[in-house]
Enquirer: 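Submitted below is the structure of interest, expressed as structure tokens.
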Protein chains: 2
Amino acid sequence: MQQKSNIVDIAEKSGFSITTVSRVLNGKADKYRISKATQQKIKSTAEELNYVPNEFARNLRTGRSKTIALIVPSLKNPFFAEMASFINLEARKYDYITLIGDSDDDINIEKEEIIQLSSRNIDGMIIVPCGEEWDHLLKKQEEGLPLVCVDRYFEDLDLSFVSSNNYDGAYSASKYLIEQGHKTVACIQGVKYSTPNRQRVKGFEDAMADFGITSYTVSGDAFSEQNGYLETKLLLQQKIRPTAIFAFSNTIAMGCLKALKEEKVKIPGDISLITFDDNPYLNYIEPPLTRISQPVEDICKIAVKILFSRIVENDKTVKRVLLKTKLKVKESVKSIPVLS
Amino acid sequence: MQQKSNIVDIAEKSGFSITTVSRVLNGKADKYRISKATQQKIKSTAEELNYVPNEFARNLRTGRSKTIALIVPSLKNPFFAEMASFINLEARKYDYITLIGDSDDDINIEKEEIIQLSSRNIDGMIIVPCGEEWDHLLKKQEEGLPLVCVDRYFEDLDLSFVSSNNYDGAYSASKYLIEQGHKTVACIQGVKYSTPNRQRVKGFEDAMADFGITSYTVSGDAFSEQNGYLETKLLLQQKIRPTAIFAFSNTIAMGCLKALKEEKVKIPGDISLITFDDNPYLNYIEPPLTRISQPVEDICKIAVKILFSRIVENDKTVKRVLLKTKLKVKESVKSIPVLS
DNA sequence: AATTATTGCGCAAACGTTTGTTTTTATTGT
DNA sequence: ACAATAAAAACAAACGTTTGCGCAATAATT
């Protein structure tokens, strides 16, 4: 079992000082005018000894960890799992590693995670904040932690974010429903105070108003299957059933499906369904769901980019980015003929 | 901007030595007979200063990182995303953090990841090995890295693993198909030489043999949607179409669904489908898929347990654990009446 | 009163780096 | 030939912990 070698071993074996070895191995050789010959010799003995720098010592000294953190509400939600995958991938390109935290959509766990992760001296953090609190985030940023919110965010705060244009997305979905002749529409929302949710509600309501639809409802309070299930159950109890349901997330849509199935309500025959978020499975559901797809990959790429412009170049300007969503028309929305 | 406080600040403010503070904060107070009063005071000033230990310094000193690594073939696969979520959660209970790596089912990336993660001085690793190579894993273990394989593993190696009992799972699925009257069955496999796949093939073939079914096929070579799609397309070309398809993963099943849909082949009317892996969406597909569900949570819990018995108690015995799968009967398998 | 045991705590080294400063050696200009 | 400058490399401190050992003060025992 080959012992781990360190910079001291290299220094001894090569006959140079620790300092010189360190500088060569860090690419600062030229800056300190270390001769080519020396560089060569040090590099080769490093190779020979199978040297791998001890990141801890390095980080302790420099204060930099080459690590970022990502906190999501739940890795089990495919939407966030996909995000984690993309962000991890992007960070690698900067030679950074990603620590993933799961807040379970609980603000206390979120705070806990932030503390825990901070003790690992992360150089930056990407977060999908789960609550309506932001003080702890602002505080972290003031302490000097580069921070970017994705998906969920807070407007009017000095805190960069990248998200979909939820307003437009919801508006276009609503408009589509209306264009298909729906006049009684229910939307099932997620976490009420989250900005994406508010934007979606706004988009939905504005569309209703713009097209003169007055018979609509907004209910629900979580981006969860259970919420979708319960609210759908309730909607089906109403005297006047909506002809279309707009689910604000793939998880909510799953709950709708469950309830509709239980009650033997056919899509789109009896009721139409449209949802936010994309997921391969949505194509194999019967019928495939019409949806508002978010550019998850782009969101992640841009978020990482912003984060690193802050980490590396200390760019402190606040970036607020909203990306276009895409309406993917499938077969879950019925076209209702207009009586004229 | 509140500066980060360290153990020295606490020492100064509380009036005790660094040593004493360290001991109190590490719960070693009693061992070193530090008075309750002192303990109290130190703890409260630590609280007051908002102290968070610097893990790097700690790890540099102790050589332990309180970090484990998890390498999966792809976080985008819901099966592995779920695993990541569970393992992360379990590790937290030990006060450990999980670094997640994505090998993209490429053995070279896997090796690369292992090196990268090693420089972070991880205390242990859980891996879903993606290839047929294990030398690099054995080498790591010999170097002293606690290692546990999950899902995929290698038999007859001194390498602990936790997985489903894939043989039994496949056998019972096959038996079920046969009991439902199917006499021409096709299975679409995943990565050929992976142990789970081999076990599943064996379970499938044994069941066929045990029940005297001779008309069956085994094809495919990846746990991917594409593989499922292509193989299904091919199956549908055969002169004698199978009456049932057994997909070896949820991703493969997704490919089957795509192909069957394209070809307008109805499930279970025209062909029956059964799959490995569970996923909430499988319930909302039309028809809901009958499947072999794996105890993912248990697999993860046990894997973490084994890993930590190695990390903490240096238990070097090799554990080989296979967990029961569960047949979940839904509506995707047709019962074919026996002609007698 | 002297010895020993116990309690409560601190000294200082060590972990493996990075880096501001300094020292040594080589080169140049006059 | 001699300073002055440039090139090459080394010294030593620092990052924030943990921990083996040691020491003083008090209590218990003779």
Side-chain angles (χ1 to χ4, degrees), chain A residues 3-43 45-46 49-67 116 118-123 144, chain B residues 3-43 45-46 49-67 95 118-123 144:
Chain A
Q3 278 291 13
K4 261 187 200 166
S5 65
N6 61 23
I7 210 175
V8 179
D9 299 331
I10 300 179
E12 281 172 358
K13 182 143 191 199
S14 68
F16 293 97
S17 75
I18 297 177
T19 310
T20 304
V21 172
S22 170
R23 290 192 167 132
V24 168
L25 264 28
N26 281 293
K28 299 187 179 168
D30 292 334
K31 190 175 161 195
Y32 287 93
R33 298 156 310 202
I34 291 163
S35 68
K36 288 284 171 217
T38 305
Q39 291 187 37
Q40 213 39 60
K41 187 156 186 189
I42 289 177
K43 276 179 188 165
T45 64
L49 293 178
N50 239 308
Y51 173 70
V52 179
N54 179 323
E55 293 289 339
F56 291 126
R58 172 179 285 173
N59 302 155
L60 174 58
R61 176 60 227 239
T62 61
R64 287 205 150 184
S65 61
K66 288 228 170 198
T67 303
Q116 276 230 15
S118 294
S119 77
R120 329 260 322 183
N121 279 31
I122 47 171
D123 293 343
Chain B
Q3 279 295 14
K4 258 186 202 166
S5 64
N6 59 24
I7 212 176
V8 180
D9 300 331
I10 301 180
E12 281 171 358
K13 181 143 191 196
S14 67
F16 293 96
S17 75
I18 296 177
T19 309
T20 305
V21 171
S22 170
R23 286 183 172 139
V24 169
L25 264 27
N26 282 293
K28 299 188 179 167
D30 291 335
K31 189 176 159 197
Y32 287 92
R33 297 156 312 201
I34 291 163
S35 71
K36 287 284 170 219
T38 305
Q39 290 187 38
Q40 213 41 59
K41 189 157 186 191
I42 287 177
K43 277 181 188 163
T45 63
L49 292 180
N50 241 308
Y51 173 69
V52 179
N54 179 322
E55 292 291 340
F56 288 126
R58 172 178 285 173
N59 303 156
L60 175 58
R61 177 58 226 238
T62 60
R64 289 202 151 186
S65 63
K66 289 223 169 198
T67 303
D95 223 18
S118 294
S119 82
R120 308 253 162 183
N121 280 33
I122 48 172
D123 293 344

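Side chains included, hydrogens not; waters and symmetry mates left out as well; all remaining heavy atoms used. Chain letters run A, B, ... following the sequence lines, proteins first and then strands; every chain starts at 1.
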Enquirer: Which letter, B, S or -, goes with each nucleotide of nucleotides 14-23 of chain D from 5' to 3', with contact meaning a protein heavy atom under 4.0 Å?
Expert: BBBBBBBB--
Enquirer: At what distance, to the nearest 0.5 angstrom, does CG of Asp30(A) lie from NZ of Lys28(A)?
Expert: 13.0 Å
Enquirer: Side chain to side chain donor-acceptor pair (under 3.5 Å), that's the test. Do Ser65(A) and Asn59(A) meet it? Break it down for me.
Expert: CA-CA 5 Å; Ser65(A) 61; Asn59(A) 302 155; 5.6 Å; no
Enquirer: What heavy-atom pair brings Lys66(B) and Asp123(B) nearest, and what distance separates the two atoms?
Expert: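 Distance-wise, the nearest heavy atoms are N-OD2, 2.8 Å.
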Enquirer: For the pair made of CD in Glu12(A) and P in dA9(D), what is the distance, rounded to whole Å?
Expert: 18 Å
Enquirer: Minimum heavy-atom separation for Asn54(A) to Phe56(A), with atom names?
Expert: OD1-N, 2.7 Å
Enquirer: Tell me, please, which residues at least two apart from Ser119(A) pass side chain to side chain donor-acceptor pair (under 3.5 Å).
Expert: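 Ser119(A) satisfies side chain to side chain donor-acceptor pair (under 3.5 Å) with no other residue.
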Enquirer: Tell me: CZ of Phe16(A) to P of dC11(D), nearest whole Å?
Expert: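 Checked: the CZ to P distance equals 13 Å.
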